[in-house]
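Worksheet: the structure to be examined is printed underneath.
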Amino acid sequence: MLRMLALLSCAACVSVAAAATTPSPIIGKWAVDTSRMNMPPEARPKSVYVTFAEAGTDKLTMSVDIVYADGKQIHTKGTNPLDGTSVPVVGSPEADAAAMAHPQANVIVVALGMGGMPASTRIYSAAPDGKTMNETVSFVDDKGKPGTRMHYFTRVN
């Protein structure tokens with residue numbers, strides 16, 4: 001009986017170690033399918049890339065690169081602890097602070113703020129095969145009404 005418990009204990013340790021070393025399917029570079037954006041084609045960005053990269057224990061770096069329809073480019077980058085602590089965001093027209101959580105291997109939740117006020121909440125969810133990802137954006141519009149929108153991504157690398 002003790003031998004069986006010891007074997008089960010070892011198996012559990014191996015399982016936990018394997019899970020800890022398995023990278024999240026959300027880590028990598030993703031491209032938005034701009035043709036599916038809910039806006040007139042002439043107003044859509046030429047490209048949008050989001051990259052998630054591990055940045056040490058319990059931290060992720062998120063980079064966003066956008067080329068707007070008029071050719072203007074922005075690069076936003078922030079490294080976040082995954083405990084919900086707010087950190088500065090550099091280069092974003094939508095946020096100057098972000099907090100991040102990673103509740104499941106294929107899900108990242110990002111809360112954005114601007115000027116000390118909530119800006120939006122974004123939930124990134126990678127498909128089990130790791131080839132596609134959805135972003136659900138929750139926000140309050142200029143008239144104070146809540147809204148949501150979806151963005152659809154494919155893995156670049």
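For this chain, numbers begin at 1 and follow the sequence in order.
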Look at the side chain of [X] and the backbone N and O of [Y], then say whether any donor-acceptor pair between them is shorter than 3.5 Å.
{"X": "R122", "Y": "E135", "result": "no"}
{"X": "S125", "Y": "V107", "result": "no"}
{"X": "N106", "Y": "A126", "result": "yes"}
{"X": "D96", "Y": "G115", "result": "yes"}

Just so I know, are the side chains of [X] and [Y] near enough to count as touching, which here means a heavy-atom distance under 4.5 Å?
{"X": "Y124", "Y": "M62", "value": "yes"}
{"X": "T61", "Y": "K77", "value": "yes"}
{"X": "D58", "Y": "D83", "value": "no"}
{"X": "P45", "Y": "V67", "value": "no"}
{"X": "V137", "Y": "R149", "value": "yes"}
{"X": "V64", "Y": "S92", "value": "no"}
{"X": "H151", "Y": "V50", "value": "no"}
{"X": "V140", "Y": "P118", "value": "no"}

Heavy-atom pair of closest approach, residues [X] and [Y]:
{"X": "K29", "Y": "T51", "result": "CG-OG1, 3.4 Å"}
{"X": "M114", "Y": "A119", "result": "N-CB, 4.1 Å"}
{"X": "W30", "Y": "P25", "result": "CZ2-O, 3.5 Å"}
{"X": "A98", "Y": "V89", "result": "CB-CG2, 3.5 Å"}
{"X": "A69", "Y": "K46", "result": "O-CE, 3.4 Å"}
{"X": "Y68", "Y": "P93", "result": "OH-CG, 3.8 Å"}

Enumerate, atom names and distances included, each donor-acceptor pair closer than 3.5 Å involving a side-chain atom of residues 31-39, sequence neighbours excluded.
unit_1: D33; atom_1: OD1; unit_2: S35; atom_2: N; d: 3.2
unit_1: D33; atom_1: OD1; unit_2: S35; atom_2: OG; d: 2.5

For the [atom1] atom of [X] and the [atom2] atom of [Y], what is their distance to the nearest 0.5 Å?
{"X": "M133", "Y": "I26", "atom1": "CE", "atom2": "CD1", "answer": "5.5 Å"}
{"X": "I74", "Y": "I66", "atom1": "CD1", "atom2": "CD1", "answer": "4.0 Å"}
{"X": "M117", "Y": "L112", "atom1": "CE", "atom2": "CG", "answer": "14.0 Å"}
{"X": "T76", "Y": "E94", "atom1": "OG1", "atom2": "CD", "answer": "8.5 Å"}

M150: hydrophobic cluster co-members (side-chain, 4.5 Å):
Y152
Applying the side-chain contact (heavy atoms from CB on, under 4.5 Å) test to L60, which of I108, V110, N80 qualifies?
I108
